[in-house]
Structure formats: structure tokens, C-alpha cells
Amino acid sequence: MNKNEDKNIKSWKKESPLLNKLISLEETFWINPNLKKYKTGIKETPLSQDNVRDAEERLKRFAPYIAKVFPETKGTNGLIESPLVRIPSMKQSLERGHQQHISGELLLKCDSHLPISGSIKARGGIYEVLKHAEELALEHRLLTKQEDYSILDSDRFRTFFSQYSIAVGSTGNLGLSIGIMGAKLGFNVIVHMSADAKQWKKDLLRSKNVKVIEYEADYSKAVEEGRIGANADPNCYFVDDENSQDLFLGYSVAASRLKKQLEDLEITIDEKHPLFVYLPCGVGGGPGGVAFGLKLLYQDHVHCFFAEPTHSPSMLLGLMTGLHDKISVQDAGIDNVTDADGLAVGRPSGFVGKIMEPLLSGIYTVSDEQLYKLLKELVDTENIALEPSALAGMIGPIKLFKEGTDYLRRYHLTEKMRNGTHIIWGTGGSMIPEEIKKQYYQRH
Ligand SMILES: *Cc1c(COP(=O)(O)O)cnc(C)c1O
């Protein structure tokens with residue numbers, strides 16, 4: 001941080017009750033003053049529907065290969081997709097516990113149950129590895145786009161990819177996705193893990209011959225080290241979680257798939273039937289990509305909120321100050337220590353923050369204690385076990401009705417809420433070992 005920015009934080013502190021609340025680790029609800037009408041806001045972004053469609057097409061080309069090497073994806077013909085389910089018992093429980101009616105339907109998007117790596121990273125992370133593999137194979141004339149990509153499941157291709165390596169810095173789940181997919185194709189994969197990363201994630205990767213390098217420091221350091229190592233090796237490709245358009249686009253494909261699922265459930269989204277989506281946010285790529293895809297489809301009828309831990313409100317800090325990746329939570333005196341390992345990110349992606357600035361409705365923060373409480377509640381009511389990070393979205397509708405009434409009034413939503421739909425993005429958890437699931441459950 002330079003002098004100017006330091007001065008900035010000091011003056012911010014004086015003027016902003018919200019910043020002081022963040023620093024004192026209180027839960028907060030922030031409405032984005034820079035949200036614009038879709039038609040204006042979307043013009044400010046460097047990406048478009050064409051980019052999303054290109055990603056969608058690429059995933060379709062790989063589907064025969066994915067179905068072959070990951071048989072658990074046969075049911076979806078090689079598309080990596082998760083269920084969207086109604087959670088009426090959880091809704092009742094939330095309403096009772098918080099003395100707050102939730103107007104509209106409540107659903108859970110179970111990215112926790114995405115095949116292959118059990119988290120939202122199975123979207124972006126796997127997509128970026130596939131894109132890199134395709135580029136290499138096309139460039140070396142081993143493949144054409146018209147071919148059946150299941151030929152990639154062969155010693156010929158595995159030997160070819162084994163000349164190359166892929167590196168990534170991660171708090172855990174991105175490493176799992178990149179590691180499992182990269183190793184399956186034949187790449188050498190190196191995952192730089194932050195101190196927050198859970199032991200079972202490291203063990204799982206090592207069992208797949210992925211090289212795991214551990215750091216005492218947090219996520220930003222793991223990424224930095226990974227980037228330095230990869231840049232020194234021309235055959236090493238670095239998956240840059242802080243800046244990657246490919247990751248972002250891989251996540252964005254979720255939107256058109258969700259649209260189909262909503263149609264199958266006969267849920268309408270339009271002017272009179274608003275959609276609210278609550279997404280746990282770490283560096284921003286996952287929730288940003290999904291939200292971006294949804295805005296392209298539903299425009300002003302979708303309202304996206306990010307959720308962050310009280311100890312890691314990095315995207316909120318970046319957006320409210322306009323400093324994006326020029327500020328970290330540590331700069332504001334916040335420690336970035338949370339059990340929500342997937343969200344333990346002190347500095348947000350500037351690339352994602354700038355795209356989301358005119359499109360995002362708001363951000364709120366949640367305490368770890370609240371995450372564990374919600375974790376247990378979801379098991380008790382719906383028998384669905386998620387990891388702590390994945391529960392951050394769950395309190396969103398309660399917060400919206402209690403603290404977001406200004407937002408509902410400003411956008412003329414109050415009367416429409418009974419026709420509304422709330423989707424909680426459940427970002428991870430199905431791969432947690434049973435023993436650790438039990439420990440999580442007992443924490444509250
Ligand atoms: C990575 C992750 C997120 C957030 O994604 P970002 O791209 O880091 O913002 C949320 N939940 C879980 C479980 C994750 O692993």
C-alpha cells in the first residue's frame with residue numbers, strides 16, 4: 001500500500017461508519033451505490049455473452065471425454081452440473097429462528113455436489129485446465145475441434161501432456177479441481193497451498209500424484225509463490241485465480257444451466273417475479289462469474305448478493321473504497337482468520353471487482369459462529385452437509401428482509417417479493433470426509 005492509500009483508509013475510517021463496523025468484525029449489510037441499470041452497467045464490462053457461449057461450446061466438446069474418465073458424469077452426458085433443490089424445512093427453521101418471514105421460495109443450488117471435485121471450483125478450475133489442454137493439442141495438431149474428444153483418454157495424449165506442468169495457488173478447493181483434472185489428463189500439477197488449506201485436501205491431492213507445496217502464510221502468498229515458480233518454467237502454465245478470465249468464464253456457464261433447471265421446476269423469472277441469488281465470495285471469480293452469467297440472462301430481474309466472513313471482507317472493502325485489489329483486509333487491521341477456508345482471502349481480484357461494480361446488488365458479512373449454526377441447521381432440516389464456506393449465502397434472505405428494505409424500496413420490489421425466488425449458492429462440501437463432517441456438525 002502506498003502513502004496515498006494509507007491516507008485514504010484513515011479518511012475513510014473517519015467518514016464511514018460501515019468501515020468501522022467491518023473493522024470491529026460486526027456483521028454488516030452493504031447496498032452497492034454503484035449498481036446500474038443492466039443496459040448501462042453491462043457496457044462497462046470487457047466480457048460478453050459471446051465469451052460465455054464460447055466457454056459453453058468448449059465444455060460441450062469435452063463432454064464425451066469427461067463422461068468417459070469420470071463415470072459419475074454419465075447421467076449428465078459429461079456435463080459437470082449440480083442439482084437445484086427446494087429447501088422448505090430450512091426456510092421454516094430460518095423464519096422461526098430469526099422471527100422473520102421470507103417472502104418467496106427458497107432453493108439451494110448444490111454446487112457442493114458437483115461431480116469430480118465437490119465444489120464450485122469444478123466449474124472454473126476444470127474449465128481452465130480443459131481450455132489449456134485443448135490449446136496445446138490443437139497447436140501440436142493432435143486434435144481438431146470436430147473430433148470426438150474422448151480420444152484424449154489415451155497413453156498418447158497422457159504422454160504428450162506429461163511434458164507440461166500446471167501450477168496454482170489455492171486455499172484448497174481450486175487446488176483440488178486443478179489437481180484432479182490436470183492429473184487425469186496427464187499433466188504434472190503443482191498446487192501451492194495456503195495455511196488455511198485442510199489436511200484432507202492436501203492428502204487427497206498427493207494420493208493423485210499432485211505435488212503439494214505448503215505455506216505458513218495466507219492465500220495471497222500461496223498465489224504469489226505459485227506465480228513466481230511458474231514464470232520461471234516455459235512449459236508451466238499458471239492458473240491465476242486473481243486475474244483469470246478463463247476461470248471467470250468457466251463459472252459463468254452455470255447461468256444458462258440454472259435457467260433450464262428453473263424452467264423444469266416451473267419457476268418464472270421476469271419483471272414481476274424477481275430472482276435473488278446469494279453467493280459466498282473469496283477472491284471473487286466464482287461468485288463473480290456466476291453472477292455475471294445470470295445478469296446476462298435475467299438482466300434487471302436478478303439481484304446478486306455476495307457473502308463474506310466478518311474476518312475476510314475483502315471484496316466489500318475493495319468495492320466500498322473503490323480501491324479493489326489495492327487494498328487488503330490486513331491494511332484495515334482485519335486478520336483474515338476464518339474457518340471458512342474457501343473464503344479466507346485478504347485481497348480481492350481487481351479484475352472481478354471492476355466487472356461486478358455496476359452489476360452487484362450488495363455484500364454482507366457473516367460470523368464463523370453463524371456459519372456453524374447454519375451448517376447444523378441445514379443437516380437437521382434437509383439432511384444436506386456443506387462445508388462452512390458454503391453456508392455464507394444461507395442467511396442472505398433473512399438479512400435482505402431485515403436490513404435491505406431500502407434496497408427493496410429503491411428498486412420497487414417490495415410488492416413483488418411474494419412472487420420472488422431466493423437461491424442460496426451452496427458452494428462446497430460433498431467431499432468432506434465423514435469424520436470431519438461430524439466435527440463440523442458438533443461445532444455449534
Ligand atoms: C472458492 C470458494 C468460494 C468462493 O470463490 P472465489 O472464486 O474464491 O470467490 C466459495 N465457496 C467455496 C466452498 C469455495 O471453495
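Residue numbers start at 1 and run along the sequence shown. Order of listing sets the numbers, starting from 1, for every ligand and every atom in it.
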Q: For ligand 1, which atoms have a heavy atom of Asn173 less than 4.0 angstrom away?
A: 13 (C), 14 (C), 15 (O)
Q: State, without any angle test, whether Tyr149 and Glu134 hold a side-chain donor-acceptor pair at a distance under 3.5 Å.
A: yes
Q: Under 4.0 Å from a heavy atom of Thr427: give me the atoms of ligand 1 that qualify, with their elements.
A: 10 (C), 11 (N), 12 (C), 13 (C)
Q: State whether a side-chain donor-acceptor pair under 3.5 Å links Asp380 with Tyr441.
A: yes
Q: I'd like to know whether ligand 1 has Val345 as a neighbour, heavy-atom separation below 4.0 Å.
A: no
Q: Under 4.0 Å from any heavy atom of Gly286, which atoms of ligand 1 are there?
A: 6 (P), 7 (O)
Q: Does a donor on one side chain and an acceptor on the other come within less than 3.5 Å for His303 and Tyr411?
A: no
Q: Take Arg443 and Asp339 through the side chain to side chain contact (heavy atoms under 4.5 Å, CB included) test and state the conclusion after the steps.
A: CA-CA 11 Å; Arg443 279 294 292 271; Asp339 278 0; 3.3 Å; yes
Q: Polar-atom distance check: Val283 versus ligand 1, any N or O pair below 3.5 Å?
A: yes
Q: Test your reading of the model: is there a side-chain donor-acceptor pair from Arg206 to the backbone of Val212, 3.5 Å cut-off?
A: yes
Q: Where is the tightest heavy-atom contact between Asn336 and Ala344, given as atom of each residue plus distance?
A: OD1-C, 3.3 Å
Q: Could you see which bit of Leu174 sits under 4.0 Å from ligand 1, with heavy atoms only: side chain, backbone, both or neither?
A: neither
Q: For a side chain to side chain contact (heavy atoms under 4.5 Å, CB included) check, start with the C-alpha distance between Trp30 and Phe305, then their side-chain angles and the critical distance, and finish with the verdict.
A: CA-CA 9 Å; Trp30 173 77; Phe305 290 88; over 6 Å; no
Q: Grab the two heavy atoms, one from His113 and one from Pro83, that are nearest each other, plus how far apart they are.
A: CB-CD, 4.5 Å
Q: In terms of residue, atom name and distance, what is the protein heavy atom nearest to atom 10 (C) of ligand 1?
A: Leu343 CD2, 3.4 Å
Q: Within the 4.0 Å heavy-atom shell around Pro280, which atoms of ligand 1 are there?
A: 4 (C), 10 (C)
Q: Ignoring hydrogens, just give me the one of Pro287, Ala390, Gly428, Pro348 whose non-hydrogen atom is nearest atom 5 (O) of ligand 1.
A: Pro287
Q: Give yes or no for whether the N/O distance cutoff of 3.5 Å, strictly under, is met between Gly282 and ligand 1.
A: yes
Q: Under 4.0 Å from any heavy atom of Glu387, which atoms of ligand 1 are there?
A: 13 (C)
Q: Check this for me - ligand 1, Lys121, N or O atoms closer than 3.5 angstrom, yes or no?
A: yes
